[in-house]
Amino acid sequence: MSNPSTAEKTISYIFLILVGVLLASPFLYMISIALASDATTVKSAFTFVPMEFQWSNFYTIFTNNNLGTYLKNSIIITVFTIVGSVLSASIVSYGFARIKAKGSRFLFIVLLSTMMIPGEVTMVPQFIIFRHLDWINTFYPLIVPSFFAGAFNVFLIRQFVMSIPKSLDEAAMIDGMGHPGIYWKIIMPLTYPILAAIAIFSFSYNWGNFMGPLIYINDPEKMPLALGVQLLTTVGGGQMPPWNLVMIASLFLTIPMVLVYLFGQRYVYEANISGGSSGIK
(Lines give C-alpha, C1' and ligand atoms only; values in the text may rest on other atoms or scores of the structure.)
Protein backbone atom coordinates (compact mmCIF):
# COMPACT_ATOMS: atom_id res chain seq x y z
CA MET A 1 0.00 0.00 0.00
CA SER A 2 1.47 3.34 -1.08
CA ASN A 3 2.02 6.15 1.36
CA PRO A 4 -0.50 9.03 1.23
CA SER A 5 0.60 12.03 -0.79
CA THR A 6 1.16 15.51 0.60
CA ALA A 7 -2.16 16.70 -0.80
CA GLU A 8 -4.02 13.83 0.87
CA LYS A 9 -2.34 14.59 4.20
CA THR A 10 -3.21 18.28 3.87
CA ILE A 11 -6.86 17.49 3.15
CA SER A 12 -6.97 15.10 6.10
CA TYR A 13 -5.48 17.69 8.48
CA ILE A 14 -7.88 20.39 7.26
CA PHE A 15 -10.83 18.04 7.74
CA LEU A 16 -9.69 17.08 11.25
CA ILE A 17 -9.17 20.73 12.20
CA LEU A 18 -12.66 21.64 11.00
CA VAL A 19 -14.20 18.74 12.90
CA GLY A 20 -12.19 19.70 16.00
CA VAL A 21 -13.39 23.31 15.82
CA LEU A 22 -16.97 22.13 15.37
CA LEU A 23 -16.77 19.84 18.38
CA ALA A 24 -15.04 22.48 20.52
CA SER A 25 -17.49 25.27 19.64
CA PRO A 26 -19.96 24.48 22.49
CA PHE A 27 -17.07 24.61 24.96
CA LEU A 28 -15.94 27.98 23.58
CA TYR A 29 -19.50 29.30 23.83
CA MET A 30 -19.61 28.07 27.43
CA ILE A 31 -16.47 30.07 28.23
CA SER A 32 -17.96 33.16 26.57
CA ILE A 33 -21.08 32.93 28.74
CA ALA A 34 -19.04 32.26 31.88
CA LEU A 35 -17.06 35.48 31.39
CA ALA A 36 -20.12 37.61 30.57
CA SER A 37 -21.29 40.38 32.88
CA ASP A 38 -24.59 40.32 34.77
CA ALA A 39 -26.03 42.95 32.41
CA THR A 40 -25.25 40.77 29.39
CA THR A 41 -26.72 37.76 31.16
CA VAL A 42 -30.00 39.53 31.88
CA LYS A 43 -30.29 40.53 28.22
CA SER A 44 -29.08 37.10 27.01
CA ALA A 45 -26.82 39.02 24.63
CA PHE A 46 -24.12 36.36 24.55
CA THR A 47 -21.50 36.14 21.82
CA PHE A 48 -19.79 33.07 20.48
CA VAL A 49 -16.31 34.56 21.00
CA PRO A 50 -15.71 36.06 24.48
CA MET A 51 -16.09 39.84 24.36
CA GLU A 52 -16.15 40.38 28.14
CA PHE A 53 -13.80 39.05 30.78
CA GLN A 54 -15.57 39.28 34.12
CA TRP A 55 -13.12 37.22 36.16
CA SER A 56 -14.99 38.32 39.28
CA ASN A 57 -17.66 35.77 38.37
CA PHE A 58 -15.35 33.03 39.65
CA TYR A 59 -15.05 34.80 43.00
CA THR A 60 -18.81 35.32 43.19
CA ILE A 61 -19.75 31.71 42.59
CA PHE A 62 -17.33 30.46 45.25
CA THR A 63 -18.41 32.98 47.89
CA ASN A 64 -22.15 33.23 47.29
CA ASN A 65 -23.21 29.97 45.63
CA ASN A 66 -21.53 27.12 47.57
CA LEU A 67 -19.49 25.94 44.59
CA GLY A 68 -16.66 24.97 46.94
CA THR A 69 -19.05 22.73 48.90
CA TYR A 70 -20.31 21.08 45.72
CA LEU A 71 -16.75 20.45 44.56
CA LYS A 72 -15.75 18.96 47.91
CA ASN A 73 -18.72 16.60 47.89
CA SER A 74 -17.99 15.51 44.32
CA ILE A 75 -14.35 14.84 45.18
CA ILE A 76 -15.29 12.74 48.22
CA ILE A 77 -17.83 10.67 46.31
CA THR A 78 -15.61 10.23 43.25
CA VAL A 79 -12.44 9.25 45.15
CA PHE A 80 -14.20 6.61 47.24
CA THR A 81 -16.08 5.17 44.27
CA ILE A 82 -12.86 4.89 42.27
CA VAL A 83 -11.16 3.04 45.13
CA GLY A 84 -14.15 0.76 45.57
CA SER A 85 -14.54 0.03 41.87
CA VAL A 86 -10.88 -0.76 41.25
CA LEU A 87 -10.32 -2.78 44.43
CA SER A 88 -13.48 -4.88 44.32
CA ALA A 89 -13.37 -5.57 40.58
CA SER A 90 -9.70 -6.57 40.67
CA ILE A 91 -10.25 -9.03 43.53
CA VAL A 92 -13.27 -10.66 41.88
CA SER A 93 -11.52 -10.74 38.51
CA TYR A 94 -8.49 -12.48 39.99
CA GLY A 95 -10.77 -15.13 41.47
CA PHE A 96 -12.48 -15.81 38.14
CA ALA A 97 -9.22 -15.80 36.18
CA ARG A 98 -6.93 -17.77 38.47
CA ILE A 99 -8.98 -19.84 40.90
CA LYS A 100 -10.68 -22.73 39.11
CA ALA A 101 -13.63 -23.78 41.25
CA LYS A 102 -16.66 -25.84 40.36
CA GLY A 103 -19.32 -23.64 38.79
CA SER A 104 -17.05 -20.59 38.41
CA ARG A 105 -17.69 -20.36 34.68
CA PHE A 106 -21.45 -20.47 35.26
CA LEU A 107 -21.20 -17.78 37.92
CA PHE A 108 -19.16 -15.60 35.56
CA ILE A 109 -21.84 -15.92 32.87
CA VAL A 110 -24.50 -15.03 35.44
CA LEU A 111 -22.42 -11.99 36.43
CA LEU A 112 -22.18 -10.87 32.80
CA SER A 113 -25.92 -11.36 32.33
CA THR A 114 -26.59 -8.71 34.98
CA MET A 115 -25.35 -6.11 32.50
CA MET A 116 -28.54 -6.70 30.51
CA ILE A 117 -30.74 -5.59 33.43
CA PRO A 118 -31.76 -1.93 32.95
CA GLY A 119 -30.95 0.40 35.82
CA GLU A 120 -34.58 1.54 35.90
CA VAL A 121 -35.61 -1.97 37.00
CA THR A 122 -33.42 -1.95 40.10
CA MET A 123 -33.86 1.73 40.97
CA VAL A 124 -36.92 1.34 43.20
CA PRO A 125 -35.73 -1.82 45.05
CA GLN A 126 -32.40 -0.14 45.73
CA PHE A 127 -34.12 2.94 47.09
CA ILE A 128 -36.25 0.81 49.43
CA ILE A 129 -33.16 -1.01 50.68
CA PHE A 130 -31.24 2.20 51.33
CA ARG A 131 -34.28 3.75 53.02
CA HIS A 132 -34.52 0.82 55.43
CA LEU A 133 -30.80 1.21 56.12
CA ASP A 134 -31.45 4.90 56.89
CA TRP A 135 -28.94 5.93 54.22
CA ILE A 136 -31.13 8.51 52.48
CA ASN A 137 -29.51 11.96 52.37
CA THR A 138 -26.06 10.45 52.90
CA PHE A 139 -23.17 9.57 50.60
CA TYR A 140 -23.50 5.85 51.32
CA PRO A 141 -25.93 4.96 48.48
CA LEU A 142 -23.52 6.62 46.04
CA ILE A 143 -20.32 5.05 47.43
CA VAL A 144 -21.07 1.64 48.94
CA PRO A 145 -22.37 -0.04 45.72
CA SER A 146 -18.98 0.59 44.08
CA PHE A 147 -17.41 -1.82 46.60
CA PHE A 148 -19.51 -4.62 45.09
CA ALA A 149 -17.72 -5.28 41.82
CA GLY A 150 -19.47 -4.15 38.65
CA ALA A 151 -19.88 -6.78 35.93
CA PHE A 152 -18.31 -4.69 33.17
CA ASN A 153 -15.22 -3.89 35.24
CA VAL A 154 -14.84 -7.53 36.24
CA PHE A 155 -15.05 -8.62 32.62
CA LEU A 156 -12.37 -6.17 31.45
CA ILE A 157 -9.91 -6.99 34.24
CA ARG A 158 -10.48 -10.75 33.95
CA GLN A 159 -9.74 -10.66 30.23
CA PHE A 160 -6.53 -8.77 30.97
CA VAL A 161 -5.49 -11.19 33.72
CA MET A 162 -6.15 -14.17 31.42
CA SER A 163 -3.42 -12.85 29.11
CA ILE A 164 -0.80 -12.95 31.91
CA PRO A 165 1.21 -16.21 31.85
CA LYS A 166 0.27 -18.59 34.67
CA SER A 167 3.92 -19.56 34.98
CA LEU A 168 4.38 -16.43 37.09
CA ASP A 169 1.79 -17.72 39.56
CA GLU A 170 3.35 -21.18 39.62
CA ALA A 171 6.80 -19.75 40.30
CA ALA A 172 5.39 -17.66 43.15
CA MET A 173 3.62 -20.70 44.63
CA ILE A 174 6.87 -22.66 44.56
CA ASP A 175 8.37 -19.86 46.65
CA GLY A 176 5.55 -20.29 49.15
CA MET A 177 3.33 -17.40 48.09
CA GLY A 178 -0.43 -17.83 48.32
CA HIS A 179 -3.25 -16.28 46.34
CA PRO A 180 -3.33 -13.01 48.36
CA GLY A 181 0.38 -12.47 47.75
CA ILE A 182 0.13 -13.37 44.06
CA TYR A 183 -2.78 -10.99 43.64
CA TRP A 184 -1.12 -8.08 45.42
CA LYS A 185 2.52 -8.44 44.37
CA ILE A 186 2.24 -9.92 40.86
CA ILE A 187 -1.17 -9.44 39.29
CA MET A 188 -1.91 -5.94 40.57
CA PRO A 189 1.32 -4.35 39.22
CA LEU A 190 0.91 -6.11 35.86
CA THR A 191 -2.72 -5.02 35.50
CA TYR A 192 -1.97 -1.35 36.20
CA PRO A 193 -3.03 -0.21 32.69
CA ILE A 194 -6.46 -1.84 32.89
CA LEU A 195 -6.94 -0.66 36.47
CA ALA A 196 -6.15 2.88 35.35
CA ALA A 197 -8.76 2.55 32.60
CA ILE A 198 -11.34 1.34 35.14
CA ALA A 199 -10.48 4.33 37.35
CA ILE A 200 -11.03 6.67 34.37
CA PHE A 201 -14.40 5.08 33.61
CA SER A 202 -15.42 5.37 37.25
CA PHE A 203 -14.31 8.99 37.44
CA SER A 204 -16.19 9.96 34.28
CA TYR A 205 -19.40 8.37 35.52
CA ASN A 206 -19.35 9.54 39.13
CA TRP A 207 -18.02 13.06 38.58
CA GLY A 208 -20.95 13.86 36.31
CA ASN A 209 -23.49 11.57 38.00
CA PHE A 210 -26.81 13.40 38.29
CA MET A 211 -29.50 10.74 38.75
CA GLY A 212 -28.01 9.11 41.86
CA PRO A 213 -27.64 12.32 43.91
CA LEU A 214 -31.05 13.50 42.68
CA ILE A 215 -32.65 10.39 44.18
CA TYR A 216 -30.74 10.12 47.46
CA ILE A 217 -29.50 13.62 48.38
CA ASN A 218 -31.89 16.24 49.77
CA ASP A 219 -29.62 18.57 51.73
CA PRO A 220 -27.96 21.26 49.54
CA GLU A 221 -24.85 21.04 51.74
CA LYS A 222 -24.40 17.41 50.64
CA MET A 223 -25.08 17.85 46.95
CA PRO A 224 -22.28 17.11 44.46
CA LEU A 225 -21.39 19.43 41.62
CA ALA A 226 -23.70 17.88 39.01
CA LEU A 227 -26.73 18.46 41.21
CA GLY A 228 -25.43 21.84 42.35
CA VAL A 229 -25.34 23.08 38.75
CA GLN A 230 -29.02 22.26 38.40
CA LEU A 231 -29.73 23.99 41.70
CA LEU A 232 -28.11 27.19 40.39
CA THR A 233 -30.68 27.32 37.58
CA THR A 234 -33.58 27.22 40.04
CA VAL A 235 -34.80 30.77 40.55
CA GLY A 236 -38.21 32.10 41.49
CA GLY A 237 -40.43 34.92 40.37
CA GLY A 238 -39.75 34.45 36.67
CA GLN A 239 -36.19 35.74 37.06
CA MET A 240 -33.46 34.92 34.58
CA PRO A 241 -31.08 32.23 35.92
CA PRO A 242 -27.50 33.45 36.37
CA TRP A 243 -26.25 31.70 33.26
CA ASN A 244 -22.75 33.12 33.62
CA LEU A 245 -22.41 31.46 37.04
CA VAL A 246 -24.08 28.30 35.79
CA MET A 247 -21.52 28.06 32.97
CA ILE A 248 -18.65 28.50 35.43
CA ALA A 249 -19.97 25.58 37.46
CA SER A 250 -20.37 23.63 34.21
CA LEU A 251 -16.72 24.33 33.39
CA PHE A 252 -15.68 22.77 36.68
CA LEU A 253 -17.90 19.83 35.81
CA THR A 254 -16.45 19.44 32.31
CA ILE A 255 -12.74 20.32 32.46
CA PRO A 256 -11.68 17.59 34.94
CA MET A 257 -13.29 14.89 32.79
CA VAL A 258 -11.60 16.25 29.66
CA LEU A 259 -8.19 16.37 31.36
CA VAL A 260 -8.52 12.90 32.87
CA TYR A 261 -9.43 11.41 29.52
CA LEU A 262 -6.75 13.43 27.71
CA PHE A 263 -3.95 12.11 29.91
CA GLY A 264 -5.41 8.63 30.35
CA GLN A 265 -6.74 7.82 26.90
CA ARG A 266 -3.93 5.36 26.19
CA TYR A 267 -5.16 3.23 29.09
CA VAL A 268 -8.71 3.33 27.72
CA TYR A 269 -7.40 2.30 24.30
CA GLU A 270 -5.43 -0.57 25.82
CA ALA A 271 -8.52 -1.65 27.74
CA ASN A 272 -10.50 -1.85 24.50
CA ILE A 273 -7.77 -3.91 22.86
CA SER A 274 -7.33 -6.33 25.76
CA GLY A 275 -11.06 -6.63 26.45
CA GLY A 276 -11.55 -9.04 23.57
CA SER A 277 -8.17 -10.78 23.70
CA SER A 278 -9.40 -13.77 25.68
CA GLY A 279 -12.62 -15.68 25.42
CA ILE A 280 -14.79 -16.92 28.26
CA LYS A 281 -12.91 -20.00 29.38
Side-chain angles (χ1 to χ4, degrees), residues 26-27 30-31 33-34 57-89 118-120 122-150 152-153 195-236 241-264 268:
F27 187 72
M30 184 188 301
I31 295 176
I33 298 175
N57 292 342
F58 288 85
Y59 176 80
T60 301
I61 195 171
F62 272 100
T63 55
N64 301 333
N65 297 92
N66 295 328
L67 183 63
T69 301
Y70 301 148
L71 281 172
K72 180 192 69 176
N73 295 336
S74 289
I75 291 173
I76 293 173
I77 294 172
T78 303
V79 168
F80 279 101
T81 51
I82 289 175
V83 173
S85 299
V86 171
L87 187 62
S88 61
E120 293 78 7
T122 59
M123 187 180 297
V124 174
Q126 282 183 344
F127 181 84
I128 295 174
I129 293 173
F130 293 140
R131 186 182 61 184
H132 283 297
L133 292 174
D134 198 24
W135 283 2
I136 302 301
N137 202 32
T138 68
F139 292 160
Y140 294 131
L142 306 175
I143 294 175
V144 172
S146 65
F147 285 84
F148 295 85
F152 179 71
N153 296 340
L195 296 181
I198 297 299
I200 293 171
F201 295 149
S202 179
F203 176 86
S204 299
Y205 175 78
N206 290 284
W207 185 258
N209 185 16
F210 177 80
M211 184 60 67
L214 180 65
I215 295 174
Y216 299 113
I217 303 297
N218 303 320
D219 187 357
E221 294 296 322
K222 297 180 180 179
M223 291 181 178
L225 185 58
L227 200 57
V229 172
Q230 188 274 337
L231 191 64
L232 289 174
T233 64
T234 305
V235 294
W243 293 118
N244 50 356
L245 302 183
V246 172
M247 289 300 106
I248 291 177
S250 300
L251 286 175
F252 282 98
L253 191 63
T254 305
I255 291 177
M257 289 191 287
V258 173
L259 293 178
V260 167
Y261 184 79
L262 180 64
F263 292 104
V268 177

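With contacts defined as side-chain heavy-atom distances shorter than 4.5 Å, the pair Phe147/Val144 does not qualify. Between Asn209 and Thr81, the closest side-chain pair of non-hydrogen atoms is not below 4.5 Å. Counting heavy atoms from C-beta outward, Ser74 and Ile77 have side chains that stay 4.5 Å or more apart. By the 4.5 Å heavy-atom criterion applied to side chains, Phe27 and Ile255 are counted as neighbours. Contact of the Ile217 side chain with the Phe139 side chain is registered, since non-hydrogen atoms from C-beta on lie closer than 4.5 Å. Using a 4.5 Å cut-off on side-chain heavy atoms (C-beta onward), Ile215 and Gln126 make no contact. Taking 4.5 Å as the limit, every side-chain heavy atom of Pro220 sits out of range of all side-chain heavy atoms of Asn66. Between Trp243 and Val246 the shortest side-chain heavy-atom distance falls below 4.5 Å.
Considering every non-hydrogen atom in both Arg131 and Ile136, the closest pair reads CA-CG1, 3.8 Å. Considering every non-hydrogen atom in both Val229 and Ser250, the closest pair reads CG1-OG, 3.8 Å. Closest approach of Pro213 to Leu227, counting heavy atoms only: O-CD2, 3.6 Å. Closest heavy-atom contact between Gly264 and Ile200: O-CD1, 3.2 Å. Minimum interatomic distance between Ile61 and Ile248 (heavy atoms only, all atoms of both residues): CG2-CG2, 3.9 Å. Shortest non-hydrogen contact noted between Ser88 and Ser85 is OG-O, 3.5 Å.
Within a 6.0 Å sphere centred on CE of Met123, heavy atoms belonging to other residues, nucleotides or ligands number more than 12. More than 12 heavy atoms of other residues, nucleotides or ligands sit less than 6.0 Å from atom CZ of Phe62. The 12-atom threshold is exceeded at CZ of Phe58, counting heavy atoms of other residues, nucleotides or ligands nearer than 6.0 Å. For CG of Asp219, the number of neighbouring non-hydrogen atoms (other residues, nucleotides, ligands) closer than 6.0 Å is greater than 12.
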* I would like to know whether Ile76 and Lys72 meet side chain to side chain contact (heavy atoms under 4.5 Å, CB included); could you show each step before the answer? => CA-CA 6 Å; Ile76 293 173; Lys72 180 192 69 176; 4.1 Å; yes
Discussion item. Assess the residue pair Ile82 and Ile198 against the criterion (side chain to side chain contact (heavy atoms under 4.5 Å, CB included)); give the C-alpha distance rounded to whole Å, side-chain angles, the decisive distance to 0.1 Å, and a yes or no.
Written reply: CA-CA 8 Å; Ile82 289 175; Ile198 297 299; over 6 Å; no
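Panel note: side chain Thr254, backbone Leu251; no donor-acceptor pair is recorded below 3.5 Å. A donor-acceptor distance shorter than 3.5 angstrom exists from the side chain of Thr122 to the backbone of Gly119, with no hydrogens or angles considered.
Expressed to the nearest 0.5 Å, how far CG of Leu133 lies from CD1 of Ile128 amounts to 12.0 Å. A distance of 8.0 Å separates CG of Leu142 from OH of Tyr216, quoted to the nearest 0.5 Å. Here the straight-line distance linking atom CG of Leu253 with atom CG of Leu71 works out to 9.0 Å at 0.5 Å rounding. Here OG of Ser202 is found 12.0 Å from CG of Leu195. Values are rounded to the nearest 0.5 Å. Going from atom CZ of Phe130 over to atom CG of Asn137 covers 14.5 Å, rounded to the nearest 0.5 Å. Interatomic distance, Leu225 CG to Asn73 CG, rounded to the nearest 0.5 Å: 9.5 Å.
Applying the side-chain contact (heavy atoms from CB on, under 4.5 Å) test to Pro125 and every residue at least two apart in sequence or in another chain returns nothing.
Paired with Tyr70 under the rule side chain to side chain contact (heavy atoms under 4.5 Å, CB included), one option of Glu221, Met223, Lys222 passes, and it is Met223.
Relative orientation of the Trp135 and Tyr140 rings is tilted, given thresholds of 30° and 60° on the angle between their planes.
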